[in-house]
Amino acid sequence: MCSCSFSRKRLNLVFIIENPAKPTTFYLLLYKYPLEVSREIEYHSLMTVITRFPPSPTGFMHIGTARTGLFNWLYARRHGGKMLFRIEDTDRSRHSEEAVQAIVNGLNWLGLDWDGDIVSQFSRSDRHAEVAHELVKTGKAYYCYCTPEELEQMRENAKKEGRPTFYDRRWRDAPPSMTPPEGINPVVRIKAPLTGERIVQDKVQGDVKVNAEQLDDFIILRADGTPTYMLAVVVDDHDMGVTHVIRGDDHLNNTFRQNVIYEAMGWDIPTYAHLPLILGPDGAKLSKRHGATSVEEYRDMGYLPEAMRNYLLRLGWSHGDDEIIDQEQALQWFDLENINQGAARFDFDKLNYVNAHYLKLADNDRLADLVIDLYKLRDISVSDIGRARLLARMDELKSRAKTLVQLADDAEFLVHGIPFEFEEKAAAQLNEDGKFIVKIVRDRLSALENFSADELEILCKSIANDHRDGKLGKVMMPLRAAITGKASSPSLVHAMEVLGQEEVSKRIEYALEKFA
RNA sequence: GUCCCCUUCGUCUAGAGGCCUAGGACACAUCCCUUUCACGGAUGCGACACGGGUUCGACUCCCGUAGGGGACGCCA
């Protein structure tokens with residue numbers, strides 16, 4: 001199969017070649033003009049792609065977890081595959097239903113779904129133990145009777161001598177003379193390779209090499225018979241048929257250990273892609289002190305899920321110069337090749353910009369509902385009339401705001417009743433000069449044929465001409481203060497139209513009375 | 001202490017040895033629009049961490065240095 005295309009700078013000849021060694025696998029080759037080099041740009045497999053989303057039940061969904069989830073989801077969906085959902089609750093004490101629910105809620109909010117049931121790692125511990133014992137039987141793993149104190153001592157000594165801080169393998173090939181001490185339940189350790197270069201092939205980081213001397217015989221089964229994380233992930237990923245492991249950079253080192261288990265069991269190693277971490281605005285690891293770290297906090301700050309997805313996607317992944325990438329586009333474009341290798345800082349300015357963009361595109365009814373939800377948190381109840389006003393001005397409102405919270409602030413005067421508060425700058429507008437103008441407006445309001453924005457504007461302009469040298473602002477500012485209680489607002493004449501003559505008059509009377 | 005990874009405008013990034021006088025976006029500044037605040041439009045400011053190689057030619061490849069991040073648990 002061959003296709004040909006022109007890009008800005010080159011002629012592409014694409015050959016899809018079957019790999020005879022793996023009949024279900026195809027390579028996509030790209031030839032650059034002139035035909036000097038060929039480069040494998042993509043690896044397509046006809047096997048179903050299976051990714052996984054394996055959060056720890058921490059009680060909330062970290063923004064980094066969300067991004068990893070998004071990447072896994074996009075990759076699976078892009079390739080017509082599946083994303084599995086597994087709770088990493090090997091440490092059962094951490095497990096709680098609420099914690100799982102929090103993650104599910106986060107995923108739902110982001111609009112990501114998964115295939116099959118949520119798998120609890122804890123529920124599979126028998127299987128994990130079975131694998132551990134099988135490895136002992138085949139001589140790939142062994143029992144170790146060291147106490148935590150002894151291990152601590154080893155680490156200290158190693159550090160002092162400048163060696164890796166590892167277990168010294170004293171039970172690895174224990175001679176028969178070394179009888180197990182009484183009363184100690186052994187752990188199971190795996191036999192890691194002693195020498196040679198170990199390579200992890202990573203889709204993001206490339207080939208990562210480390211000497212076997214840096215790997216120790218890590219524990220796969222604890223003294224109480226429960227599996228460690230290292231064993232559990234490998235067994236579960238294998239049993240669940242995971243083909244692509246897309247996860248945070250912090251697991252890159254673990255990968256060498258996990259591969260030891262894969263090899264000992266003779267299992268296929270999945271394709272790895274390790275994503276760089278998200279840093280806070282100051283370059284340090286994103287943490288609580290940077291403000292929001294969980295997706296629900298971003299929701300509460302007024303960000304739209306589609307904006308969040310777009311922003312998170314662009315944080316570390318790119319498609320040329322494209323910035324606004326909606327879900328549909330992302331599904332067509334997403335790949336592992338264009339993930340950046342360096343960690344990225346979280347930038348609220350950019351998020352705001354992206355959010356403002358999606359706000360403009362969002363459906364008005366949906367936005368009204370979201371804003372009304374926000375008002376509930378402020379103990380403001382919105383009547384049907386209030387909702388209708390919101391809707392009537394939504395096109396303008398959504399074009400101005402960066403977040404739903406801003407939109408809600410902007411629109412609050414449309415839904416609140418009398419009495420209402422005046423902010424300081426608004427109060428200042430209602431001085432003698434201001435009240436003078438407001439009274440003139442009030443007196444001439446009833447003469448309007450239609451209480452419409454156009455006529456209101458004509459009226460205000462004529463008042464400005466008569467009393468303020470044609471300076472419209474001198475009329476609008478005090479009027480705005482009287483009607484909204486604020487010094488800035490969306491288009492006042494349009495807002496007045498929506499509020500209606502009766503409500504406008506009431507508010508003017510209320511303001512004049514208050515600042516009498 | 002040991003090992004691993006990373007490094008292009010303030011930030012996110014484009015860049016696949018000559019297309020680079022390094023492109024885009026956010027932020028910032030100025031101007032325009034304007035009843036306010038925003039939105040929008042235009043223009044501007046602004047970077048290849050440093051030092052060595054390789055090459056006719058390096059942002060791009062290699063090696064060092066510096067800086068940043070990560071991992072070294074009977075946590076996940």
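Here is how names work: the chains are called A, B, and so on, in the same order as the sequence lines, proteins then strands, and each is numbered from 1.
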(request) Over all heavy atoms of both residues, which pair between E213(A) and P164(A) is shortest? Give the atoms and the distance, please. (result)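 Looks like O-CG, 4.1 Å.
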Classify the nucleic acid contact of [X] as base, sugar-phosphate or nothing, counting any heavy atom under 4.0 Å across all strands shown.
X       : answer
N254(A) : base
S489(A) : base
K209(A) : sugar-phosphate
I219(A) : base
P490(A) : base
H274(A) : nothing
V493(A) : base
K285(A) : sugar-phosphate
A344(A) : sugar-phosphate
C146(A) : base
Y311(A) : nothing
V187(A) : base
K360(A) : sugar-phosphate

Which nucleotide sits closest to the side chain of [X]: [options]?
X       : options                   : answer
V210(A) : rA25(B), rC4(B), rU36(B)  : rC4(B)
Q214(A) : rC74(B), rU2(B), rC12(B)  : rU2(B)
L315(A) : rG69(B), rC12(B), rA76(B) : rC12(B)
D250(A) : rU35(B), rC12(B), rA71(B) : rA71(B)
Q205(A) : rA76(B), rU13(B), rC5(B)  : rC5(B)
P164(A) : rA25(B), rU2(B), rU35(B)  : rU2(B)
E323(A) : rG69(B), rA25(B), rA27(B) : rA25(B)
D349(A) : rA27(B), rG24(B), rC37(B) : rA27(B)
S491(A) : rG73(B), rU35(B), rG70(B) : rU35(B)
S488(A) : rC4(B), rC37(B), rU35(B)  : rC37(B)

(message) Can you tell me whether the side chain of R480(A) and the base of rU35(B) have a donor-acceptor pair closer than 3.5 Å?
(response)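 Side chain to base: pair present.
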(message) Any donor-acceptor pair, under 3.5 Å, between the side chain of D321(A) and the base of rG23(B), if you only look at N and O atoms?
(response)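 Between rG23(B) and D321(A), which were checked side chain against base, a qualifying N/O pair under 3.5 Å is present.
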Any strand: nucleotide that pairs with [N] via Watson-Crick or wobble, under 3.5 Å:
N       : answer
rC9(B)  : none
rA49(B) : rU65(B)
rA38(B) : none
rC72(B) : rG1(B)
rC56(B) : rG18(B)

Measure centre to centre between the rings of [X] and [Y], then say whether the value is under 6.0 Å.
X       : Y       : answer
Y298(A) : F346(A) : yes
Y311(A) : Y303(A) : no
H467(A) : F436(A) : yes
W171(A) : Y145(A) : yes
W317(A) : F334(A) : yes

Distance, rounded to the nearest Å, where [X] contributes [atom1] and [N] contributes [atom2]:
X       : N       : atom1 : atom2 : result
R163(A) : rU2(B)  : CZ    : P     : 13 Å
H357(A) : rA25(B) : NE2   : P     : 14 Å
F346(A) : rC12(B) : CZ    : P     : 12 Å
R189(A) : rC74(B) : CZ    : C1'   : 8 Å
E213(A) : rA71(B) : CD    : P     : 23 Å
K461(A) : rU34(B) : NZ    : C1'   : 10 Å

Using the [atom1] atom in both, what is the distance from [N] to [M], to the nearest Å?
N       : M       : atom1 : result
rA14(B) : rU8(B)  : C1'   : 10 Å
rA42(B) : rU21(B) : P     : 26 Å
rG64(B) : rC56(B) : C1'   : 26 Å
rC20(B) : rU60(B) : C1'   : 11 Å
rA47(B) : rG15(B) : C1'   : 13 Å

Respond yes when some side-chain nitrogen or oxygen of [X] is under 4.0 Å from OP1 or OP2 of [N], and no when none is.
X       : N       : result
K402(A) : rC39(B) : yes
Y229(A) : rA76(B) : no
N340(A) : rU13(B) : yes
R400(A) : rC37(B) : no
Q341(A) : rC6(B)  : yes
R257(A) : rG73(B) : no
R314(A) : rC26(B) : no
S318(A) : rA14(B) : yes

(message) Between the side chains of D217(A) and K191(A), is the shortest nitrogen-to-carboxylate-oxygen separation below 4.0 Å, so that they form an ion pair?
(response)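 The answer is no: the pair does not qualify as a salt bridge.
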(message) Between E156(A) and K160(A) (salt bridge meaning N to carboxylate O under 4.0 Å), is one present in this structure?
(response)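 The answer is no: the pair does not qualify as a salt bridge.
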(request) If the glycosidic angle is within 90 degrees of 0 it's syn, otherwise anti, so just tell me which one rC61(B) is. (result)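 Classified anti.
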(message) Closest-nucleotide mapping onto RNA chain B: is P227(A) or S399(A) further toward the 5' terminus? I mean the 5' end.
(response)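 Final value for this comparison: S399(A).
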(message) If you assign each of D224(A) and G316(A) to its closest nucleotide in RNA chain B, which residue comes earlier from the 5' end?
(response)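 It is G316(A), whose closest nucleotide lies nearer the 5' terminus.
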(message) Under the side-chain hydrogen bond (donor to acceptor under 3.5 Å, both in side chains) test against R247(A), which residue among T255(A), N254(A), T65(A), T51(A) passes?
(response)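 Only one option passes, and that is T255(A).
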(request) Identify the residue among L107(A), L84(A), I246(A) that makes a side chain to side chain contact (heavy atoms under 4.5 Å, CB included) with F53(A). (result)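 One option only clears the test, and that one is L107(A).
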